[in-house]
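Only one structure is covered here, and it is reproduced in the block below.
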Amino acid sequence: MKFIGLIFKSARRSKRRTALTMISVALAVFLFAALRSVLDGFAAVSAASSAQRLVTIRSTSMIFSMPTSHTEAIRSTAGVTDVTWANWFGGIYKDPKNFFGQFAVDPESYLRMYPEVILTPEEKEAFLADRTGCIVGDGLAKKYGWQLGDRVVLQPGIPVYGSLDYPFTIRGIYKAGSSAVDNQSMLFHWKYADERSSPQGQVGWVVTRVADPEQATQVIAAIDQRFANSPYETKTETEQAFSAQFASMLGNLNLLLGSVALAVVLSTLFVAGNTMAMSVRERTTEIAVMRTLGFRALTIFLLVVGEGLLVAVVGGAMGAALARVVVNAEFLGLAGGFIPLFGVNNWNVVVGIGLSVLIGVLAAVIPATMASRLRIVDALRRVA
Amino acid sequence: MALIELRDVTKSYKRDAIEIPVLEQVSITVPEGDFLGLMGPSGSGKSTLLNLLAGIDRPSRGTIRIGGTEITSLSERALAAWRARHIGFIFQLYNLIPVLTAFENVELPLLLTSLTKKQRRDHVMTALGIVGIADREKHYPRQLSGGQEQRVAIARAIVTDPTLLLADEPTGDLDAKSAAEVLTLLQRLNQEYKKTIVMVTHDPHAAERATHVLHLEKGTLVEQAAAAR
């Protein structure tokens with residue numbers, strides 16, 4: 001403990017150099033935590049996806065719709081216990097920058113299918129009873145300061161929904177019961193949108209509940225087989241695979257983000273290592289003097305490593321704290337729809353700071369070894 | 001009673017394949033409480049001899065016994081502990097740590113002891129008091145004059161109450177007035193506090209303050225003068 005002051009003083013020797021090294025470590029940890037949080041967001045959605053739910057979209061792309069008759073056909077497929085459907089609305093709330101997910105859903109079956117959308121019984125009843133009612137996630141409500149009963153007007157963003165504004169009344173503010181649903185979206189009656197759509201009777205995707213997850217493969221095959229060679233061929237997947245495909249749309253996200261993080265960490269390691277080596281070289285005489293006073297080689301080694309650790313951990317903590325504040329879907333306004341809720345969680349912070357510890361130790365090992373192996377007489381002679 | 005006993009100490013350095021002799025068969029005995037001056041021209045081996053006495057260099061041959069301990073046989077680790085306990089070293093260029101205050105510089109060797117923070121403070125203030133610079137405890141080296149810096153360095157050397165004080169040209173970088181003050185201080189440490197001192201110097205005036213003076217030339221002891229004072 002009595003050497004801590006010495007480590008602090010040494011680290012403050014060149015404030016600018018120390019600050020720049022801290023910033024480089026902070027940036028590395030920030031980037032690492034940010035990238036990790038995005039990957040974790042996708043992973044959490046996949047992990048929380050129900051094994052009992054299947055998602056059916058058009059085989060060509062999910063941007064194409066299919067007729068509502070598909071829902072009835074799917075419902076009659078063996079092994080299917082419930083069906084619901086939804087459309088992507090893509091409306092604009094005041095300004096295109098105010099992006100959030102808006103889904104036209106069949107309210108009753110949708111809430112039945114997604115018990116993770118948590119509403120009070122009163123809110124649920126009010127929503128079901130109001131054709132122009134909507135429910136919004138508590139995160140979204142907080143972001144825009146919405147209350148129950150508020151009117152929200154969306155301008156259609158996709159031509160199929162016409163050109164007139166869609167006024168809604170907020171009938172419920174839901175909580176997300178798991179990562180399978182986000183709290184940044186808006187859900188409203190499919191019929192309300194459908195009656196002003198051209199063509200009418202179209203759904204974006206159908207969600208199916210199967211009685212037995214073990215039979216999901218057979219049910220998937222049966223559904224897609226049913227629409228094979230029709231104008232509206234389908235592609236059915238488990239909800240998990242459906243969620244994962246958003247990540248895969250961005251390519252091999254894990255590899256890409258992992259490589260970026262590794263490159264940043266390695267370059268920071270070299271920067272910090274070079275800085276430490278420079279700092280030790282400048283202190284050759286001081287180290288020789290300390291050795292003359294009786295400091296053991298190991299003590300000198302630990303002092304240099306301690307200094308590297310201090311600089312790196314302070315930088316790492318700064319980076320992790322910044323990431324914690326800045327990197328979350330709400331702050332960045334990216335939440336809702338198909339973008340998972342992401343944020344730097346405690347584990348990301350711990351791993352980020354752990355990474356800074358690693359950077360600190362690895363960067364200091366060579367300079368610390370140099371310092372501890374210094375021949376006192378040579379070092380004193382070099383300056384004198 | 002002899003505090004320092006050097007027996008046939010030889011030291012040579014290797015530069016590439018060539019062996020350069022620095023000290024040859026030097027034998028010295030220094031009694032406890034002595035103030036020994038080591039003189040000689042540049043390259044005569046006097047600083048090397050001092051480094052050997054401090055245990056920061058090892059002889060090629062011969063033995064060095066200080067306070068009954070044969071330091072030539074100690075491991076690096078044991079030697080470091082021995083230096084911390086028994087040696088106070090004063091450098092020509094003071095060699096204070098620039099980021100530490102005068103107090104912290106003097107406290108540095110005490111960090112290696114088991115003293116409490118309060119005990120360390122008492123020791124440091126006593127040492128700074130002896131060298132007459134207690135009022136500058138919070139000053140950094142850059143805020144001190146050369147003479148004051150050397151006093152802090154002397155305080156650092158005596159703070160652990162070492163067995164032996166070694167001074168390598170302690171006045172070499174000082175003006176005449178500061179040099180005289182530093183020499184008076186060393187003399188006081190020798191006479192009042194009974195410290196055994198070995199001082200390397202070029203300066204005959206500085207050597208006059210020693211109780212004994214030895215001359216080295218080309219690595220050998222050429223003269224042993226006893227100055228009766």
Side-chain angles (χ1 to χ4, degrees), chain A residues 1-19 21 275-276 278-304 306-307 310-311 368-384, chain B residues 11 13 22 47-48 50-52 54-58 75-101 103-117 119-120 140-141 153 156-157 159-160 162 166 168-169 172-173:
Chain A
M1 281 302 285
K2 54 192 172 187
F3 293 116
I4 296 279
L6 205 55
I7 291 172
F8 268 93
K9 288 262 181 172
S10 289
R12 287 173 53 195
R13 180 178 308 263
S14 171
K15 292 191 184 79
R16 189 182 301 156
R17 186 168 58 200
T18 301
T21 312
T275 308
M276 285 302 298
M278 204 188 302
S279 167
V280 165
R281 271 198 303 275
E282 282 172 10
R283 267 183 281 165
T284 303
T285 318
E286 283 175 36
I287 291 164
V289 168
M290 288 169 78
R291 293 292 310 281
T292 305
L293 296 179
F295 280 71
R296 283 165 51 197
L298 178 65
T299 312
I300 298 289
F301 179 90
L302 293 175
L303 285 173
V304 176
E307 192 180 323
L310 174 73
V311 172
T369 308
M370 277 162 46
S372 64
R373 287 188 179 169
L374 209 65
R375 282 200 70 231
I376 303 173
V377 178
D378 291 343
L380 289 173
R381 196 182 293 137
R382 215 177 291 172
V383 178
Chain B
K11 177 71 185 176
Y13 291 107
V22 183
S47 288
T48 301
L50 204 70
N51 292 340
L52 293 174
I56 56 176
D57 203 356
R58 290 178 183 275
S75 67
E76 278 303 319
R77 191 179 161 162
L79 203 52
W82 176 84
R83 280 199 300 271
R85 176 67 198 88
H86 295 285
I87 297 295
F89 205 104
I90 301 159
F91 301 91
Q92 179 183 352
L93 296 173
Y94 338 125
N95 285 340
L96 299 178
I97 311 282
V99 291
L100 303 181
T101 62
F103 180 94
E104 291 162 340
N105 265 291
V106 177
E107 190 190 24
L108 207 52
L110 296 178
L111 295 179
L112 301 170
T113 67
S114 55
L115 295 178
T116 63
K117 195 173 178 184
Q119 287 170 325
R120 290 203 302 271
Y140 286 92
R156 180 178 66 185
V159 74
T160 54
L166 301 171
D168 190 2
E169 305 260 16
D173 202 48

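Sequence lines set the chain letters: A, B, ... in the order given, protein chains first and strands last, and positions in each chain run from 1. Atom set for the values below is all heavy atoms of this structure, side chains included, hydrogens, waters and symmetry mates excluded. The shown structure was predicted, so the numbers you read here are calculated from the model rather than taken from an experiment.
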Side chains of [X] and [Y]: does their closest heavy-atom pair fall under 4.5 Å?
| X | Y | result |
| --- | --- | --- |
| B:Phe89 | A:Leu380 | no |
| B:Arg156 | A:Val289 | yes |
| B:Ile97 | A:Arg283 | no |
| B:Leu108 | A:Met290 | yes |

So for [X], is it side chain, backbone, both, or neither that comes closer than 4.5 Å to the heavy atoms of chain A?
| X | value |
| --- | --- |
| B:Asn51 | side chain |
| B:Glu107 | neither |
| B:Ile87 | neither |
| B:Thr116 | neither |
| B:Tyr94 | neither |

Among B:Lys117, B:Arg85, B:Glu104, the residue with the most heavy-atom pairs under 4.5 Å to chain A is B:Glu104
* Taking atom CZ of A:Phe8 as the centre, does the number of heavy atoms from other residues, nucleotides or ligands within less than 6.0 Å exceed 12? -> no
Cut-off 4.5 Å, heavy atoms of chain B, and the answer for A:Arg291 is both
Those residues of residues 294-304 of chain A that come under 4.5 Å of chain B on a heavy-atom basis, listed by number, are A:Gly294, A:Phe295, A:Arg296
dist A:Ile376:CD1 -> B:Leu79:CG (nearest 0.5 Å) comes out at 8.0 Å
**Message:** Check whether A:Lys9 reaches the backbone of B:Leu100 with its side chain - one donor and one acceptor, N or O, closer than 3.5 Å.
**Reply:** no
On a heavy-atom basis, the closest approach of B:Thr113 and A:Lys2 is O-NZ, 2.5 Å
